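Below you'll find the structure, written out as C-alpha cells, and then a few comments.
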Amino acid sequence: MSDLRSDFLRTITARGFIHQCTDLAGLDAGLTATGPVTAYIGFDCTADSLHVGSLIQIMLLRWLQKCGHKPIVLMGGGTTRVGDPSGKDEARALLDDERINRNMAGIRTVFSRFLTFAPEGPPVGSAGGATDAIMVNNADWLDGLNYIAFLRDFGRHFSVNRMLTFDSVKLRLEREQPLSFLEFNYMILQAYDFLELSRRHGCLLQMGGADQWGNILNGIDLTRRVDGREIFGLTSPLITTASGAKMGKTAQGAVWLNADRLSAYDYWQFWRNTEDGDVGRFLRLFTELPLAEVERLERLDGADINEAKKTLANEATRLAHGAEAAAAAAETARRTFEEGAVGESLPTVEVPRQDLAAGIGLLDLMRRSGLVASNGEARRLIRAGGVRINDSTLAAADEGRTITLEDVADGLVKLSAGRKRHALVRPV
C-alpha cells in the first residue's frame, strides 16, 4: 500500500481499518483529485446511545475529517422502521416513531465529541463548511416515497437471485430462520440512501462494517445504473478480542458511549481491562497516538503492559468523554487500586435511607449497583471469595446477608466484585 497517495487511505491502512474496498486505486485517485471528498456511514436508531461496537466507524469518520474531507453521519430515521437483518438470527423489534426520535436525539450527542460540525452544532441537514461534518436523516427521502413508483423506477435494478447470495440473507436462510419481506427490503433502501446522498451531497464513498459489504455494493450498482456515476465502498473488519469474544460486550452488558448510559469511569475501566494481545491493535484503531508510540507501547511485556493499557484507557476516554473526565477516571482508578481509597468518580447508586434501615439483600444490592447481571452471578462471585464490602472479603455463607445502615462508613458503602469492579452505595 506504499503507493497510495491519499493521506486518508494511507492512515487507515497503516492503522488496520480496511477490510475490503471496491476499487482502492480508483478511490485513491478520487481522494487526491480536487477538493474535499464527501463520505458517509449510516447508523440506525435502535437504542438511545451507540456502543463501542460502533466506535471503529466513528473513528473512520474522524480520520476522514482530519485528513481534509467531509463526513456525513446518516441517521436511520427511516430504515430503523424496517430493521437491518445483517448478522441477526431473528427480526429486530419494530420501534414506533416516538422511540426512534428519542433514540436519534441520544445518538447525536456522541458525534459532537468526535467530529467538527458547523459552529451552530450538529443539527440534521446542516450544510456547514467544506469539511464540516453534517448529519442527515434518511426519513427525509424514504418517508415520502410512492411505493409503486419506487418499485418501477428502482426495484427493477435489483436481482432477487443476487440478493439471495448476500450474507445478510443467505445466513438467515441457511439457519432456517424466518426472513420477513420487510427485512428483505432493507438492502434496497440502503442502496437508495447512497443514491440520494450522491445526488444531494456529491457523496463519493460509503463506509461500514464488513457485514455491510453486500448493502454497499447494491448502492454502488444502483447509482451506476441510474445516474451513471462511479462511487466507492469500503468496509472495516468486524472486531473481536484476542480470546474471540465480541468487541464491546461485557458481563454487565453493552459498553455504551453516552455518559448517561455508562460512566466515564466504567468506560475507562473497560479499556484498562483490555486483553494483552489486543493492546497494540486497539491503540491503532481507537486512539490517535502516533504509530511509533503505539509500536513502543505494544513491545512492553509483563507488568509493564499495564502502562500501555492505562494509556489506551486514557486516550480512548478522552475522545469519548473529554480530557477532564478521562483524567478524573484515571485518578479514581489510581486511588482505588494503588492506595485502596474510595475514588470520587466510582459508579454510585443512591438508595432510600429507609430501605437500608430495613435491610437490603446483598444479591439485590449488587444487581442494583450494576456489578452483576443476575443473582446467580453474584452467588458465584461470593462463593469464590470475589466480593468485598468496605474492602472486607465475604465468605460463601454470606450470600444471604443483608446490608443495613450499620454498613455505612463515611456516608457510603463500598461494594467490590473481583479486583477491578467497584461501586458505591449512598443512602439518601
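Remember, predicted model here, so these are calculated numbers, not experimental data. When reading the values below, keep in mind they use all heavy atoms of this one structure, side chains included, and skip hydrogens, waters and symmetry mates. Heads up: numbering here begins at 1 and tracks the sequence.
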Which atom names give the shortest non-hydrogen contact between Glu275 and Ala242, and what distance separates them?
OE1-CB, 3.5 Å
Is the distance between the ring centroids of Trp256 and Tyr267 less than 6.0 Å?
no
Of all heavy-atom pairs linking Ala105 and Thr109, the shortest is O-CG2, 3.7 Å
For residues Leu27 and Leu204, report the shortest heavy-atom separation together with the two atoms involved.
CD1-CD2, 4.5 Å
Is there side-chain contact between Leu394 and Arg388, with at least one heavy-atom pair below 4.5 Å?
no
Checking the side chain of Thr311 only, and the main-chain atoms of Glu307 only, is there a donor and an acceptor separated by less than 3.5 Å?
yes
Spacing of Ile107 atom CD1 and Asn258 atom CG [to the nearest 0.5 Å]:
8.5 Å
To the closest 0.5 Å, what do you measure between CZ (Phe286) and CD1 (Ile56)?
5.5 Å
So do Tyr265 and Thr317 actually touch side chain to side chain, heavy atoms under 4.5 Å?
no
Determine, stepwise, if the pair Cys67 / Thr11 fulfils side-chain contact (heavy atoms from CB on, under 4.5 Å).
CA-CA 9 Å; Cys67 292; Thr11 298; 4.1 Å; yes
Hydrogens and angles aside, do Gln212 and Gln190 bring a side-chain donor and acceptor to less than 3.5 Å of each other?
yes
Of all heavy-atom pairs linking Met366 and Ile382, the shortest is SD-CD1, 4.5 Å
Determine whether Leu285 and Met59 satisfy the following criterion, side-chain contact (heavy atoms from CB on, under 4.5 Å), listing intermediate values before the conclusion.
CA-CA 7 Å; Leu285 292 172; Met59 291 300 293; over 6 Å; no
Going by distance alone, is a donor N or O of one side chain under 3.5 Å from an acceptor N or O of the other, for Asp193 and Asn138?
yes
What class does the angle between the rings of Phe154 and Phe150 fall in, given that below 30° is parallel, 30 to 60° is tilted and above 60° is perpendicular?
tilted
Any Leu362 side-chain heavy atom under 4.5 Å of Ile389 side chain:
yes
Short N-O contact, Glu230 and Arg224, less than 4.0 angstrom:
no
Does Asp227 reach the side chain of Arg199, with side-chain heavy atoms less than 4.5 Å apart?
yes
Can you list the steps and then say if Ser198 with Arg229 is a side-chain hydrogen bond (donor to acceptor under 3.5 Å, both in side chains)?
CA-CA 9 Å; Ser198 170; Arg229 185 178 186 228; 2.9 Å; yes
Less than 4.5 Å apart, side chain to side chain, heavy atoms only: is that true for Leu283 and Val279?
yes
What distance separates Met207 CE from Cys21 SG, expressed to the nearest 0.5 Å?
10.5 Å
Ignoring hydrogens and angles, tell me if any N or O in the side chain of Asn137 forms a donor-acceptor pair with the backbone of Gly77 under 3.5 Å.
yes
dist Asp97:CG -> Met104:CE (nearest 0.5 Å) comes out at 9.0 Å
Run the salt-bridge test on Glu315 and Arg318 with the 4.0 Å N-O cut-off and return the result as yes or no.
yes
Is the backbone of Gly209 close enough, under 3.5 Å, to the side chain of Thr235 for a donor and an acceptor to pair up by distance?
no
If every non-hydrogen atom of Thr240 is compared with every non-hydrogen atom of Asp278, which pair is closest and at what distance?
O-OD1, 4.5 Å
Between Thr131 and Gln65, a side-chain donor and acceptor under 3.5 Å:
no
When you check the side-chain N and O atoms of Ser416 and His422, is any donor under 3.5 Å from an acceptor?
yes
Beyond-backbone contact of Arg284 with Glu295, side-chain heavy atoms, under 4.5 angstrom
yes
Does Cys203 offer a backbone N or O that forms a donor-acceptor pair with the side chain of His201 under 3.5 Å?
no
Quick test of your reading of the model: are Glu288 and Arg62 salt-bridged, counting only N-O distances below 4.0 Å?
yes
Would a distance-only check, ignoring hydrogens and angles, find a side-chain to backbone donor-acceptor pair under 3.5 Å from Arg152 to Ile148?
no
Do His69 and Leu31 come within less than 4.5 Å of each other through their side chains, counting heavy atoms only?
yes
Does any N or O in the side chain of Arg383 come within less than 3.5 Å of the main-chain N or O of Ala396, such that one atom is a donor and the other an acceptor?
no
Does any part of the side chain of Asn215, heavy atoms only, come nearer than 4.5 Å to the side chain of Phe194, both counted from C-beta?
no
Side-chain ion pair, Asp7 and Arg10, N-O less than 4.0 Å:
yes
Do Lys70 and Asp132 meet the salt-bridge criterion of a basic N to acidic O distance under 4.0 Å?
no
Which residue, Ile58, Leu115, Ile41, forms the side-chain contact (heavy atoms from CB on, under 4.5 Å) with Val73?
Leu115
Quick check for you: to the nearest 0.5 Å, what is the distance between Asn375 atom CG and Arg380 atom CZ?
10.5 Å
Could you tell me whether the side chain of Asp364 and the main chain of Ile360 form a donor-acceptor pair under 3.5 Å?
no
Under a 4.0 Å N-O cut-off, is there an ion pair linking Asp48 with Arg261?
yes
Please assess His19 against Trp213 for the test side-chain contact (heavy atoms from CB on, under 4.5 Å), listing each intermediate value before the final yes or no.
CA-CA 10 Å; His19 178 65; Trp213 181 246; over 6 Å; no
Between the side chains of Asp276 and Lys309, is the shortest nitrogen-to-carboxylate-oxygen separation below 4.0 Å, so that they form an ion pair?
yes
Under 3.5 Å, is there a donor-acceptor pair between the Asn314 and Trp271 side chains?
no
How far apart are the C-alpha atoms of Asp44 and Tyr186, what are their side-chain angles, what is the distance that settles it, and do they pass the side-chain hydrogen bond (donor to acceptor under 3.5 Å, both in side chains) test?
CA-CA 12 Å; Asp44 277 343; Tyr186 186 93; 2.7 Å; yes
Pair Thr46-Ile100, side-chain contact (heavy atoms from CB on, under 4.5 Å): steps then yes or no
CA-CA 7 Å; Thr46 53; Ile100 290 172; over 6 Å; no
Euclidean distance, Leu234 CG relative to Leu60 CG, rounded to 0.5 Å
7.0 Å
Pair Phe117 + Phe111: ring centers closer than 6.0 Å:
no
All heavy atoms of Thr38 vs all of Gly202, minimum pair found to be CB-O, 4.4 Å
